[in-house]
Amino acid sequence: MSVTSTVRDNPSDTANPYPGADKGNWTKAFSDALALATGLPLEITDGIAPYVVRPKDFLTRTGGAYQLRPGVITVDPGTGLQVLNVTVHGFTGAPGEYNERIRGSFHSPTRPNPDPIRMLPRLTTGTGTDGRALPYLATAHPVPANTLSSLIGVMESALNDADGSRGYKLTDDIRTYGQNESTLHAVLLRTVAENGSEAKVRRVLDLTAIKGANRSRARLGLFGLSAKDIVFGVDRAKLVALPESGEYPARIADPAVWVPAFAESIRAAYTDERHPLHEVALNAEKVATVQIGIIVGTAHPDEFHNVVFDPNRADHRRPPLGYSLAEKAASDMRAVLRDAKANGWLTESERAWLAGEGADTFAHEGEDLVTARDRRDRTLFAVVFPEDPDRIKAVARVLGEPKRSYTGKDHVANRLRMVSAVANAGYRYRWNPRVLDGLLGSTFIKTNGQLALPAWREALDKGIEDQDVLHEFLTTRGIHWLAEYKIIDADRGSIGAQAGGHDNDPEDQAETAADRKIRRSTISARGAMLAKPRRAVALMRELAEAANENRDPRAVDNDGVPLDGTVADKHWFDEQFPKTAKKKTPLKGRDSETDSSNPGKPDPTPQEALAEARSTFYSEATNHAPRAAVDLLEAAREFIAAAQHAGQNVTLADDEERGAIVQALVAAQSDIQNLLGTVAMMQFSLGHVQESQAEKFLTEASGDDE
């Protein structure tokens, strides 16, 4: 149900808040000045300039050429990012898939058998014709249109879920009060591999939100637009003000065309009650224009695709809203990895691999899944708990920790959660990153504790005889292996941190009576396994074999022999590795230049296909079916009138003709009755459409069944 604007004076009596499109010469002058100031190509600046309201206000003329006024571009002292501060049309900017808050909704390339339509394309820094790095984002390869459509759909769903923690409807708030806090955007030059028999790549500029993704989405929604419209084109029906000269496709994605046309359309709609966009114009009047920042430069151009997200990362690491623990911890980890790359301790390929953003380019020949995964996990621990003094200081600085002597359990827990939240991108199931809580002592950072992490096979070979090796293996990898198969999970007291966590099983949020009786921490699980080292090692080997073979793990007996036909699940584990009798001491409390090519249309997603099918059924039932009945009745009236005019009785040719008509009408009546029953059932279930009697009549009449 659409929400209309509140009661107000007649808009025709009120100053129109919509500025409309600017003169093309000023838009071009602004684009030229921006390209001169930033080094960005005209393809980029020609795409930005149409969004800017009154571009003349941001220009000054020097030596016969226009330049940007001083102060239009400022430097953020915290990040070194150069930001263009301008007034734009309210429909400027769109939410992006790479927002820190929803990264976990997508599949990592490190995950076993990732779904391509849920895997984010690798981001890179844009380059000029000379190969020089430029301050805009791009993807390493063109993205198929269908894949991109699905990714945007995942983003929309994830932002819907994440916005729920706000406690109020952001769209309603912006409709009523406007946008009081500006948003920050970066240029993403998308390359879309269009569907069709001929290979074609289309380029379209998207001002993706770095800060304020939900605000940008809410603004677009008030204007009747969405993120897909920006990428796949705005419906020509909304662009009433398109120049009459020229031919246009059904959807237009070139901002140099659709932006000024939409700006003119919405301005005209505000004072015209008959305009198709009138209600839209009333709803969005509080954000007719807004102030935004667009990142157009950095002190580290080669690292633009990394540093550009620093403002977003800061908000998620020190969240002003209720961000999930998993996303916050993963954001902290990505910040540490980016810093290590900036200091030359990691290559870009290593950083992307560890962050779950790039594929493993370091694999050894013949290496199996678990061995490759184990190598990544051990490297993550080495990054978080480094040996090098400079790296130790760098990690503490990035995380904002106090002096080492003042660190405690909360700092240790945060680092463990960071590793866990990013490591699980390489597994088939995302667990609660609290699974490692308490597994390292509260003084581990204070005493500069180190982890000697042999590869998993070596660790298990030694683990039966060496309790310390097994203890460390279970702490750093074994618990994760169990969590992958949901054999253990985070302590139920903290399970709320996992709610709404993307890949997490909804059933995991509920407890049965039996669950409550065996509530236990992962510390307890580790202790129980250490008490049975031979069986614990056998279980770990079975988990590794199951992961490599993509199957469920089998239970192991007391001698460590896997039992065919069994499954090692949570209940089995709790029975065979029971809690120790030692009473658990209570915890004291936890802190808690632009491309004008026509865009192709992607195949519909299942949700879009459902919506289209629902619309078609509604149209057929409420429009076509009644119209067919009206046409039939009108034909009967014309027949009777023709007979009267001829002075003859109203008779049919013969009994066969009359019988055929009666049979057809009865069949149609039967179908209508069946449909009435189906529609009634749709209140409670999907319903069922019975075999059509009308279709049967038509088939028999045509002789198709002979």
Side-chain angles (χ1 to χ4, degrees), residues 110 329-330 332-334 336-337 339-340 345-346 350-351 353-356 362 370-396 398-399 401 404-405 407-427 431 433-484 488 521-523 525-527 529-530 533 536-537 540 543-544:
T110 63
D332 270 344
M333 188 75 225
R334 286 192 287 267
V336 169
L337 292 170
D339 183 75
W345 298 321
L346 292 175
E350 288 172 324
R351 182 210 66 79
W353 166 56
L354 292 173
F362 312 97
V370 173
T371 302
R373 189 177 68 186
D374 186 66
R375 179 166 42 81
R376 178 174 180 262
D377 292 351
R378 288 184 288 126
T379 307
L380 286 170
F381 275 106
V383 169
V384 168
F385 300 107
E387 296 182 11
D388 182 88
D390 291 336
R391 298 188 67 169
I392 292 173
K393 293 177 183 178
V395 172
V398 172
L399 297 178
E401 292 176 348
R404 200 170 72 199
S405 57
T407 58
K409 66 179 182 64
D410 291 341
H411 304 100
V412 176
N414 183 50
R415 292 200 191 187
L416 287 173
R417 293 170 186 171
M418 289 162 51
V419 173
S420 193
V422 171
N424 66 22
Y427 293 72
W431 55 76
R434 290 180 185 263
V435 292
L436 299 188
D437 279 12
L439 294 182
L440 290 180
S442 60
T443 62
F444 195 78
I445 297 174
K446 183 183 297 185
T447 58
N448 195 25
Q450 297 297 312
L451 294 166
L453 299 178
W456 71 274
R457 285 194 175 90
E458 180 184 349
L460 293 180
D461 287 344
K462 296 179 179 179
I464 297 177
E465 305 298 335
D466 192 326
Q467 188 95 159
D468 291 339
V469 172
L470 182 57
H471 182 281
E472 192 171 70
F473 173 81
L474 292 175
T475 298
T476 57
R477 285 154 290 171
I479 295 297
H480 284 168
W481 290 18
L482 291 166
E484 179 184 25
I488 62 171
S521 68
T522 49
I523 298 174
R526 182 182 63 182
M529 285 187 288
L530 289 172
V537 168
M540 291 297 117
L543 292 174

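Atom CZ of R526 and atom CG of L470 lie 10.0 Å apart (nearest 0.5 Å). How far CG of L354 is from CE of M333: 7.0 Å, rounded to the nearest 0.5 Å. Interatomic distance, OG1 of T476 versus NE2 of H471, reported as 10.5 Å (0.5 Å rounding). L474 CG to I523 CD1: the interatomic distance, rounded to the nearest 0.5 Å, is 13.0 Å. Note: K393 NZ to D388 CG = 10.0 Å, rounded to the nearest 0.5 Å. The CG atom of L346 sits 5.5 Å away from the CZ atom of R391 when rounded to the nearest 0.5 Å.
A525 approaches I488 most closely through the heavy-atom pair CB-CG2, 4.2 Å. Here the closest non-hydrogen pair linking H411 and T407 is ND1-CA, 3.5 Å. Across A329 and A421, no two heavy atoms sit closer than the pair CB-CB, 3.8 Å. Shortest non-hydrogen contact noted between K446 and S405 is CE-O, 3.3 Å. The minimum heavy-atom distance between A394 and D339, with the atom names listed, is CB-OD2, 3.5 Å. Closest approach of L436 and S420 over heavy atoms only: CD1-CB, 4.1 Å.
Within the 4.5 Å cutoff, the side chain of L453 has heavy atoms near those of the R477 side chain. Contact check for R415 versus F444: no side-chain heavy atoms found under the 4.5 Å cut-off. Within the 4.5 Å cutoff, side-chain heavy atoms of R404 are placed close to those of I445. Looking only at side-chain heavy atoms (C-beta outward), D437 and L416 stay at 4.5 Å or farther from each other. Taking 4.5 Å as the limit, some side-chain heavy atom of H480 sits within range of a side-chain heavy atom of V435. Side-chain contact check for R417 versus D332: every heavy-atom pair is 4.5 Å or farther apart. Two residues are said to be in side-chain contact when any heavy atoms from C-beta on lie closer than 4.5 Å; L482 and M540 meet this criterion. Side-chain atoms of T379 and E350, non-hydrogen and from C-beta on, never get closer than 4.5 Å to each other.
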Pair V336-L399, side chain to side chain contact (heavy atoms under 4.5 Å, CB included): steps then yes or no: CA-CA 8 Å; V336 169; L399 297 178; 3.9 Å; yes
Side chain to side chain contact (heavy atoms under 4.5 Å, CB included) between L530 and Q467, worked out: CA-CA 7 Å; L530 289 172; Q467 188 95 159; 3.5 Å; yes
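Take E458 and apply the side chain to side chain contact (heavy atoms under 4.5 Å, CB included) test, not counting sequence neighbours, and it matches P454, K462. For D461, the side chain to side chain contact (heavy atoms under 4.5 Å, CB included) partners two or more places apart in sequence, or in a different chain, are R541.
Put simply, the side chain of R376 gets close to the backbone of W353: a donor and an acceptor are under 3.5 Å apart.
For the pairing with V419, the side chain to side chain contact (heavy atoms under 4.5 Å, CB included) check across D377, V384, V383 returns one residue only, V384.
Using cut-offs of 30° and 60° on the angle between ring planes, the pair Y427 and W431 is perpendicular.
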